[in-house]
Amino acid sequence: MRLVTAIIKPFKLDEVKEALEAFGITGMTVSEASGYGRQRGHSEVYRGAEYTVDFVPKVRVEVVVDDTDAAGVVTVILKAAQTGRIGDGKIWTVPVEDVARVRTGERGLEAL
Amino acid sequence: MTIDSGDTAWVLASAALVLLMTPGVALFYGGMVRAKSVLNMMMMSFGAMATISVVWVLWGYSEAFGQSWHGLVGNPFQHFGLSDLLSGDKAVFGFHAAASGVPAHGGIPALAFVAFQAVFAIITVALISGAIADRAKYSTWLVFTVVWATIVYFPVANWVFAFDGFAAEKGGWIANQLHTIDFAGGTAVHINAGAAGLALALILGKRIGFARDDMRPHNLTLVMLGAALLWFGWFGFNAGSALGANNTAAVTWVNTMAATGAACLAWLATERIRDGHATSLGAASGIVAGLVAITPACSAVTPLGAVAIGILAGVLCALAVGLKFRFGYDDSLDVVGVHLVGGLVGTLAIGFFASASAPAAVDGLFYGGGLDQLWRQAVGAGAVLLYSFVVSGVIGLALHKALGFRIERDAEAAGIDIEEHAETSYDLGTLGGGGLRHAGASMFGSHNTAPTETKINTKGATS
């Protein structure tokens, strides 16, 4: 199994969710995140005083999938989240050793 | 003299309008600080409402409007507790002859005047708090409100607002000898609060991270709401200062509206040219700057003059808020930039823009009146500025030495709300943890009580 983590622009969340559902993914975890990459932050001006805001609001989407689906899920998120402008985000995958479903106690692939 | 019911109704309604301005200040300031300081910021205004309400009926009113000693300060014991003003001849105020800036009219109950002037004292004290955001020890602040009002505000109100023969036979020197026009408090309220704020900002020193850390306003919608309440209440502040439901009230109402709109536009234009954007904080700030500047002038100028004063105030205050970074004093929420500078703009502008067609019936420089009114305005403004700055500095230093005026460095870094008040303003997360420790305090406090068997059910009733 693999954990796919995607950091995307917040307004792209709905499109990513729908694309993942269409691909057959039945669940995901979403959280608000802040950070920067090449985009860096932006500046805001209050009564003439300019502040740089380094950490830009982002959304983190996490999905655990079977090894065979991982590459496909990355592609699906990539297509749905892409605007082509700087700040679109990152996607990465890491191996997952075990998964347990809390309600039933099922383990491994059955728990997905 | 008989009581005029229309005048009385307007003055009482205006007093309530002006009282609402202080919560307006609390919101205006509260939104501008960081989320960890908003409660303390608002509590400084609410604290002033509490302390000055009591002090005013004890000796404050008498100091401001009792029989004046050489035009400098009223007799603080004359109406101590106000019991002597509840009925009879002494309980009706009115001008027996026209006094400067306020035409003769019917009488109002003494206590209506007491109420109206009380709320001016409250908001003047509350305004100062913006200069020392995030770092003032709350107990010392409360002591300061009482001492400052007693030594600075009440005497200055006597100078500026106490006309001979109204509340007492003898009033203050600025109103009756110098004849400075200050209709609703450009000097006594705004220059006064601004100079005191500057003194306190210098004494308390800069916040940790001033001009380096991210100190963006945490909630601009609160700031906008505060500005709205201030604008609304200010019609009581200015038009109510006519002390009657009359033409002066109507003229000052319209001037207050016109100057404020103009100042808002001028501040936004200044920002657009300098920073590239017209901001909501700029709109709220421009509104307050315009209100401040028209306050002394609203009875003395035409609506066109009011627009001119608004534009001046909007541009000059928008530029003045940058001074603290240049000179390195942490006037956190720009009490100097908006209230001191705005108050000076409005008070001095009377010397130029006053028109004899307005209720104050004086011509300024631009209307052929020469320099006579201008020097009176300059001396009045300068006297209040100097007295307030020096005496506020002495009070601030004394309290700083005696009680400590600034919270500990660690407490400031953690946030003054949690350290001074044991509260946090917003609970936005779901991960609170913990649970109820005491179901309400006993008479002897919530600490160290014996284990209680009280249980709390979901409806909050005890069993």
Side-chain angles (χ1 to χ4, degrees), chain A residues 3-14 16-17 20 25-64 83 85-87 89-90 94 96 99-104 111, chain B residues 28-29 31-34 130 209-220 223 227 267-268 270-289 314-326 330-338 341 428-431:
Chain A
L3 168 66
V4 181
T5 303
I7 306 293
I8 61 172
K9 285 183 168 168
F11 67 88
K12 279 289 185 183
L13 178 61
D14 281 346
V16 168
K17 190 190 78 173
L20 284 171
I25 300 297
T26 52
M28 67 193 72
T29 304
V30 173
S31 44
E32 292 180 12
S34 304
Y36 63 85
R38 290 188 192 170
Q39 179 191 12
R40 299 298 301 193
H42 61 271
S43 62
E44 299 181 4
V45 184
Y46 297 96
R47 282 184 173 169
E50 189 172 341
Y51 294 91
T52 57
V53 181
D54 287 333
F55 298 116
V56 184
K58 296 287 171 189
V59 166
R60 176 173 49 220
V61 181
E62 290 166 306
V63 193
V64 181
T83 68
R85 284 189 295 277
I86 200 158
K90 297 267 189 296
V94 290
V96 173
V99 175
R101 189 190 305 279
V102 175
R103 175 169 55 87
T104 58
Chain B
F28 185 68
Y29 283 170
M32 266 191 275
V33 296
R34 290 163 291 177
F210 172 69
R212 186 193 68 217
D213 290 357
D214 180 359
M215 293 187 178
R216 287 177 293 160
H218 90 283
N219 189 338
L220 285 172
V223 176
W267 190 302
L268 290 177
T270 306
E271 280 191 333
R272 181 73 176 79
I273 293 164
R274 184 185 58 190
D275 312 322
H277 299 278
T279 70
S280 62
L281 181 60
S285 308
I287 285 167
V288 175
V315 173
L316 292 174
C317 292
L319 297 174
V321 294
L323 293 175
K324 63 181 178 183
F325 296 110
R326 179 162 304 175
D330 186 4
D331 168 23
S332 314
L333 308 182
D334 301 308
V335 183
V336 174
V338 176
V341 172
L428 300 175
T430 51
L431 302 176

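All values reported here derive from a predicted model rather than from experimental measurement. Each chain gets a letter, A, B and so on, in the order its sequence line appears, and its residues count up from 1.
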For [X], is it the side chain, the backbone, both or neither that has a heavy atom under 4.5 Å from a heavy atom of chain A?
X: B:Arg216; value: both
X: B:Met32; value: side chain
X: B:Asp213; value: backbone

*Look only at the side chain of A:Arg47 and the backbone of B:Leu333, and say whether a donor-acceptor pair between them is shorter than 3.5 Å.*
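Looks like yes, one N/O pair under 3.5 Å.
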*Can you name the nearest heavy-atom pair linking A:Tyr46 to B:Leu220, along with the distance?*
CE2-CD1, 3.6 Å
*asked:* How close do A:Val45 and B:Thr279 get, counting heavy atoms only, and between which atoms?
replied: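 Looks like O-CG2, 3.9 Å.
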_Please rank B:Gly322, B:Ser285, B:Ser280 by heavy-atom pairs under 4.5 Å with chain A and give me the top one._
B:Ser285
*Around atom NE2 of A:His42, are there more than 12 heavy atoms of other residues, nucleotides or ligands at under 6.0 Å?*
yes
*asked:* Counting only heavy atoms from other residues, nucleotides and ligands, does the tally under 6.0 Å from CZ of A:Arg101 exceed 12?
replied: yes
*Could you tell me the separation between the OG1 atom of A:Thr52 and the CG atom of B:Asp214, rounded to the nearest 0.5 Å?*
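So the gap between those two atoms works out to 8.0 Å.
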*With only heavy atoms counted, which part of A:Glu50 is less than 4.5 Å from chain B, the side chain, the backbone, both or neither?*
neither
